[in-house]
Amino acid sequence: MDLSIALTFPSITTKPSPSHLLLSRPLFPSSSPGRSLLSTRNPSSSRHNHRTPRQRLRRRVSAAVDDDDGGFVLEDVPHLSDFLPNLPLYPNPLEKSQAYAIVKQTFVGQEDAVAQTVVVHKGSPRGVHFRRAGPREKVYFKPDEVRACVVTCGGLCPGINTVIREIVCGLNYMYGVDDILGIVGGYRGFYSKNTVKLTPKVVNDIHKRGGTSLLTSRGGHDTIKIVDSIQDRGINQVYIIGGDGTQKGAALIHEEVEKRGMKVAVAGIPKTIDNDIAVIDKSFGFDTAVEEAQRAINAAHVEVECVENGVGVVKLMGRYSGFIAMHATLASRDVDCCLIPESPFYLEGQGGLFQFIESRMKENGHVVIVIAEGAGQEFVAQSIHDVNQKDASGNRLLLDVGLWLSHKIKVWREKEVYPIYVPCDDIDPTYMIRAIPSNASDNIYCTLLAQSAVHGAMAGYTGFTVGPVNGKHAYIPIAVSDPSRALSLP
């Protein structure tokens, strides 16, 4: 974990790692500390203006390949100066902060980048890099001119309140920002509800509670109404906490803001309990989810140990990936079989699940099965002739694979000589896990994510998400972080 980003004042800060990558040529012209060389095209150019923001982002990224520099590629993030030239720069207030008095290098260097791939071969290209997160020497906002807002969207996840708290405390303690608004009830709160004022005192202990103090909802994204609200309220920094659908909405907000020429920084903090966000090492709340999932596994193990021929089925989160199921299985050591979306399975015949249960039953007298909610969905759909349905966020509504699997095991065993007992049919701790506060590890991680977002917005970056890449926090274009990832299987 990259602790070079300062924790909230008055926490002790650590010296930035000297091992960060130094590029062989500057990424920035000396006259504009916040902008890439790739962004120095004339923004008034008609050819430039006829491109959409997403096209311009792709153009910047593709142009960032430097064959003379060993194949270095910079996945750059948008900057306010890309479409608002001649913005004034201001000294970073952290320069005079007592919390940084003992730190030799207060600011992240403008040439610092984070490599996406750390294992390379001799002679291979240097590959894709991202801008390193952290405070910059110059900022594009005066603290007394900032009006920031925070919104949470989508499902619950451990750590949301910690992220809210640290955004507020980071803006206030580090940069002296006092005007911070909370958008209530997700995206639709921008245009249908009143805001709440957020201060360090208001958010002081919300990290000790699960859920989100700002409420949340799925759907409700109306780009025009949202940006109208941002403009009418005089908001110039927007912090959006949410999953893949939410971040797609954040990208649309950024594009509309750029289209209108507004000085508004849009920063995303990616949230998914499934840990399936591309590029970043892990998502916040994941460690807490794995820890809590083991309680359900332990309960299932106790149940099946106490009966003859017992089978316990535990269904865990994992719509498209089995990270929680796999990590909880490895940590528990009590699981006999783990079923995940990335690895297809079948029930009957040679090498099928039923055969495995039979052999393990003869060996141990009981079986514990962990299944991710997205595994085996094709079998469940066939059995009930279900059609694909989606929720308000555009996610496919999953069928109850745990209940289906328990039923199939019961039907199969009814044909056998001796009965098999499924003590609880299936254990589904999903809502217990989603609603708990984050543990110590996730609290620290949420702090770093929140403060990375604050540093990035103050430095003028926009249309980005934050997260650790190989242990170093970086700024990542929303378009790059959008695709979901899955477990890599041999």
Side-chain angles (χ1 to χ4, degrees), residues 53-54 57-58 61 75 77-78 116 130 150-160 163 183 186-188 190 212 216-223 226 238-256 266-286 289 316-325 340-342 372-375 377 388-398 430 433-434 442 445-446 449-450 452-453 462-469 474-488:
R54 196 177 297 276
L57 174 61
R58 284 199 293 265
V61 171
E75 288 280 13
V77 295
Q116 182 175 4
F130 302 96
V150 186
V151 63
T152 59
C153 307
L156 297 183
C157 174
I160 298 177
V163 175
I183 305 299
Y187 274 138
R188 59 172 50 91
F190 276 102
T212 166
T216 186
S217 66
R218 296 186 184 275
H221 186 278
D222 186 316
T223 304
I226 291 172
V238 182
Y239 297 91
I240 301 173
I241 307 169
D244 53 353
T246 301
Q247 298 307 320
K248 290 176 184 175
L252 294 175
I253 293 172
H254 159 67
E255 291 176 6
E256 181 64 22
V266 180
I269 296 90
K271 169 195 68 66
T272 169
I273 203 169
D274 292 348
N275 195 39
D276 59 355
I277 300 174
V279 180
I280 69 172
D281 298 344
K282 67 175 179 179
S283 55
F284 75 82
F286 175 69
L316 298 176
M317 292 84 74
R319 182 180 298 272
Y320 303 115
S321 61
F323 286 99
I324 291 180
I340 58 177
E342 295 88 338
E373 61 181 344
Q377 285 293 313
N388 287 337
Q389 298 182 11
K390 296 184 177 181
D391 61 20
S393 296
N395 299 314
R396 178 188 173 191
L397 288 174
L398 299 180
T430 300
I433 295 173
R434 286 165 27 123
D442 272 323
Y445 181 36
C446 290
L449 287 174
S452 292
T462 183
F464 69 92
T465 61
V466 296
V469 180
Y475 297 135
I476 305 163
I478 292 177
V480 175
S481 65
D482 181 31
S484 60
R485 66 171 178 173
L487 284 166
S488 297

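Because the structure is a prediction, the values reported are computed rather than measured.
- Cation-pi contact between Lys282 and Phe323: absent, since separation from the ring centre below 6.0 Å together with deviation from the ring axis within 45° is not met.
- Considering NZ of Lys271 and CG of Leu156, their distance stands at 7.5 Å, rounded to 0.5 Å.
- Between Ser283 and Asn275, the shortest heavy-atom distance links the atoms N-OD1, 2.8 Å.
- The structure places CG of Asp276 at 7.0 Å from CG of Asp244, a figure rounded to the nearest 0.5 Å.
- Put simply, the side chain of Thr462 gets close to the backbone of Val266: a donor and an acceptor are under 3.5 Å apart.
- Applying the side-chain contact (heavy atoms from CB on, under 4.5 Å) rule to Pro341 yields the partners Ala372, Ala375; only residues at least two apart in sequence or on another chain are considered.
- Under the rule for a side-chain hydrogen bond (donor to acceptor under 3.5 Å, both in side chains), Arg434 has no partner lying at least two apart in sequence or in another chain.
- Rounding to the nearest 0.5 Å gives a distance of 11.0 Å between OG1 of Thr223 and CZ of Phe190.
- Shortest non-hydrogen contact noted between Arg319 and Asp274 is N-OD2, 3.2 Å.
- Not a single side-chain hydrogen bond (donor to acceptor under 3.5 Å, both in side chains) links Thr246 to another residue, sequence neighbours left out.
- Of the inter-residue distances, the one linking Ile478 atom CD1 with Gln247 atom CD reads 5.5 Å to the nearest 0.5 angstrom.
- Nearest heavy-atom pair across Gly467 and Ile280 is CA-CG2, 3.7 Å.
- Qualifying side-chain hydrogen bond (donor to acceptor under 3.5 Å, both in side chains) partners for Thr212, counting only residues two or more places apart in sequence or in other chains: Thr152.
- If you take CD1 on Ile241 and SG on Cys157, they are separated by 10.5 Å, rounding to the nearest 0.5 Å.
- The minimum heavy-atom distance between Arg188 and Arg218, with the atom names listed, is NH1-O, 3.4 Å.
- By the ring pair (Phe, Tyr, Trp, His ring centres under 6.0 Å) test, Phe286 is found to be paired with His327, residues two or more places apart in sequence or in another chain being considered.
- Minimum heavy-atom separation, Ala250 to Ile240: CB-CD1, 3.6 Å.
- For Phe284, there are no ring pair (Phe, Tyr, Trp, His ring centres under 6.0 Å) partners two or more places apart in sequence or in a different chain.
- Checked by atom type and distance alone, the side chain of Glu373 never pairs as donor or acceptor with a backbone atom of Leu316 at under 3.5 Å.
- Between Pro468 and Leu449, the shortest heavy-atom contact is CD-CD2, 4.3 Å.
- Interatomic distance, CD1 of Ile253 versus CD of Glu256, reported as 10.0 Å (0.5 Å rounding).
- Residues Tyr445 and Asp281 are not in side-chain contact: their nearest non-hydrogen atoms beyond the backbone lie 4.5 Å or more apart.
- A distance-only check finds a donor-acceptor pair linking the side chain of Tyr475 to the backbone of Ser452 [under 3.5 Å].
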Intermediate values then yes/no, side-chain contact (heavy atoms from CB on, under 4.5 Å), Ile226 and His221: CA-CA 8 Å; Ile226 291 172; His221 186 278; 3.7 Å; yes

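- In terms of the side-chain hydrogen bond (donor to acceptor under 3.5 Å, both in side chains) criterion, residue partners of Tyr239 (sequence neighbours excluded) are, by chain and number, Gln237.
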